[in-house]
There are 2 protein chains.
Amino acid sequence: MREVIRRQRYHHGNLREALVEAALALVEERGSPEFTLREVARRVGVTHAAPQRHFEDRAALVAAVAEEGFHGLRAHVESVAGLAKARDPAARLHALGVAYVQFAVRNPAHFRVMFTAELADKSRHPSLQAASRAMHDFLVQCIEDGQREGFFVEGDPLELAFAAWSLVHGLAVLLVDGRGMGRRPAPLIESVVARLHTGLLPRHRPKRKRRKH
Amino acid sequence: MREVIRRQRYHHGNLREALVEAALALVEERGSPEFTLREVARRVGVTHAAPQRHFEDRAALVAAVAEEGFHGLRAHVESVAGLAKARDPAARLHALGVAYVQFAVRNPAHFRVMFTAELADKSRHPSLQAASRAMHDFLVQCIEDGQREGFFVEGDPLELAFAAWSLVHGLAVLLVDGRGMGRRPAPLIESVVARLHTGLLPRHRPKRKRRKH
DNA sequence: ACCTGAACACCGTTCAAGT
DNA sequence: ACCTGAACACCGTTCAAGT
């Protein structure tokens, strides 16, 4: 039942894009971020050596799939945060965080490719780094806007952004890895992302209990 | 310069442990969570088919390495949180979080093995699941203790624990993946984990700005 | 310029055979 | 009971050759 399109033309015409798409489809179909160059080539209908013209090695194809993921993630996050623009910066940041986790939960395998350990050395893939950075910059912008209006605590915006990213990314990773304690994701996401704003401490600290000696 | 210990005895005696240790050493030496069964066998000095007696497949060895990681992580976290026992539950949770991230930063490759996508289906590895759960339970315990004394907000402790875990795990993952913005890890860890308690909102909300129509 | 087809060194897994 | 050695199907990468 596998649909392998064998190209009539000797030259594919757009092999690069076709390989990225095929890899992405493979990955999401079986829910695992792993794929081999050869199965991707088979799916597209070319020889296993054909990709070499377009991707220096397997890692380059993985990076291209990851890069497309970062673009999609950024588009989703920006559109959702844009809808929340009418509201205050805190609501916008909340929407941003929820959108981030939503993307991960909806595209789990793609999300895992984006953060696979094989790409840890991003210096080898500059355009991937740029795509990842673009999303980060948008987050920092949100934080800075909020700080200017007094909606967030003062301090280094990069540091606050990193804290926000940590919570949201950790939540995404844990959910994608099936560590969500079997709960429905949507309400869990809402409540966890909400903790980003208020933290775990009550608004009024309790009296220090007297320690029994 | 590679030290390959070829066993004199025909029977290794403790091949299972030796394989786990060799895999762990390999992984940390080169900073990547990937390893092949055959190179681990070579390092131990046995045939590539020998591991089959002790591990059903490669995934089983990966799971064993991950499991050891969870035990180590739990030991580190519990000892650090234990030292902070004299202080209040909030300080204890902070120490727990910092210890979690410290472990990841100090054993990056091992940490990545623990959360590799290959083990996403943990149901196949019950003892791994147990080791992971033990750490989670300790965290929940900390939250519940703190709530009883009024140090944390009220609400479902599992949900609060999941939020705490998300922040701390996300921070660990991002740092291990080299996304720490080039800063020294220690102060960044301190400040990000501290945000878990207070959140990003100031203690007093600003007046709502009047929106220009 | 772009792809094929064969070759190479490697891999995980299986299994009869050795001790 | 535990490991070896050969076999199998697969993999990423390279490269001369085809169109």
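Order of the sequence lines sets the chain letters (A, B, ...), proteins ahead of strands, with each chain counted from 1. Keep in mind that what you see is a predicted model, and the values were worked out from it rather than measured.
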Problem set entry | Residue met sooner reading DNA chain D from 5', once A/R53 and A/H48 are mapped to nucleotides |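 Looking at DNA chain D, the more 5' nearest nucleotide goes with A/H48.
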Exercise. Of B/A50 and A/A59, whose nearest nucleotide on DNA chain D comes first from the 5' end?
Worked result: B/A50
Problem set entry | Centroid separation A/F151 to A/H197 less than 6.0 Å |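 No, the ring centres sit 6.0 Å or more apart.
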How many whole angstroms separate atom [atom1] of [X] from atom [atom2] of [N]?
X     : N      : atom1 : atom2 : result
A/L19 : D/dG12 : CG    : P     : 12 Å
A/L15 : C/dA1  : CG    : C1'   : 13 Å
A/N14 : C/dA1  : CG    : C1'   : 15 Å
A/F55 : D/dG12 : CZ    : P     : 14 Å
B/E56 : C/dT13 : CD    : P     : 9 Å
A/L61 : D/dT13 : CG    : P     : 10 Å
A/L26 : D/dC11 : CG    : P     : 11 Å

Exercise. For A/F70, is the NZ or CZ atom of A/R133 found under 6.0 angstrom from the centre of its six-membered ring and inside 45 degrees of the ring axis?
Worked result: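 Not satisfied by the 6.0 Å and 45° rule.
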For this session: May I ask you to decide if the ring planes of A/F111 and A/Y100 are parallel, tilted or perpendicular, using 30° and 60° as cut-offs?
Result: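 Rings of A/F111 and A/Y100: perpendicular, as their planes differ by over 60°.
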Problem set entry | Residues in contact with DNA chain D, drawn from residues 31-39 of chain A - heavy-atom cutoff 4.0 Å |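 Within residues 31-39 of chain A, the residues near DNA chain D are A/T36, A/L37, A/R38.
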Problem set entry | Pairing annotation in dot-bracket form, given for DNA chain D with Watson-Crick or G-U pairs under 3.5 Å and | for cross-strand partners | ||.|||||...|||||.||
Report yes if the side chains of [X] and [Y] come closer than 4.5 Å at any heavy-atom pair, otherwise no.
X      : Y      : result
B/V62  : B/F55  : no
B/H169 : A/D177 : no
B/F162 : A/L175 : yes

Exercise. Is the backbone N or O of B/F35 less than 3.5 Å from a side-chain atom of B/R58, with the two atoms forming a donor-acceptor pair by type?
Worked result: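 Yes: the side chain of B/R58 pairs with the backbone of B/F35.
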Problem set entry | Residue B/A49, side-chain heavy atoms: nucleotide from D/dG12, C/dG5, D/dT4 that is nearest |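 Within the option list, the nearest is D/dT4.
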For this session: Counting heavy atoms from C-beta on, name the nucleotide in C/dC3, D/dA6, D/dT4 closest to the side chain of A/H54.
Result: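 The answer is C/dC3.
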Exercise. Would you say a side-chain N or O of A/R42 is under 4.0 Å from OP1 or OP2 of D/dC11?
Worked result: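 A/R42 to D/dC11 OP1/OP2: side-chain N or O found under 4.0 Å.
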For this session: Indicate whether OP1 or OP2 belonging to C/dT14 is found under 4.0 Å from a side-chain N or O atom of B/Q52.
Result: yes
Problem set entry | Exercise: do A/Q141 and A/D137 side chains pair donor with acceptor under 3.5 Å | no
Exercise. Please, which pairs that meet salt bridge (Lys or Arg N to Asp or Glu O under 4.0 Å) have at least one residue in residues 60-74 of chain B, sequence neighbours excluded?
Worked result: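 Applying salt bridge (Lys or Arg N to Asp or Glu O under 4.0 Å) to every pair that reaches into residues 60-74 of chain B, excluding sequence neighbours, yields B/R74-B/E78.
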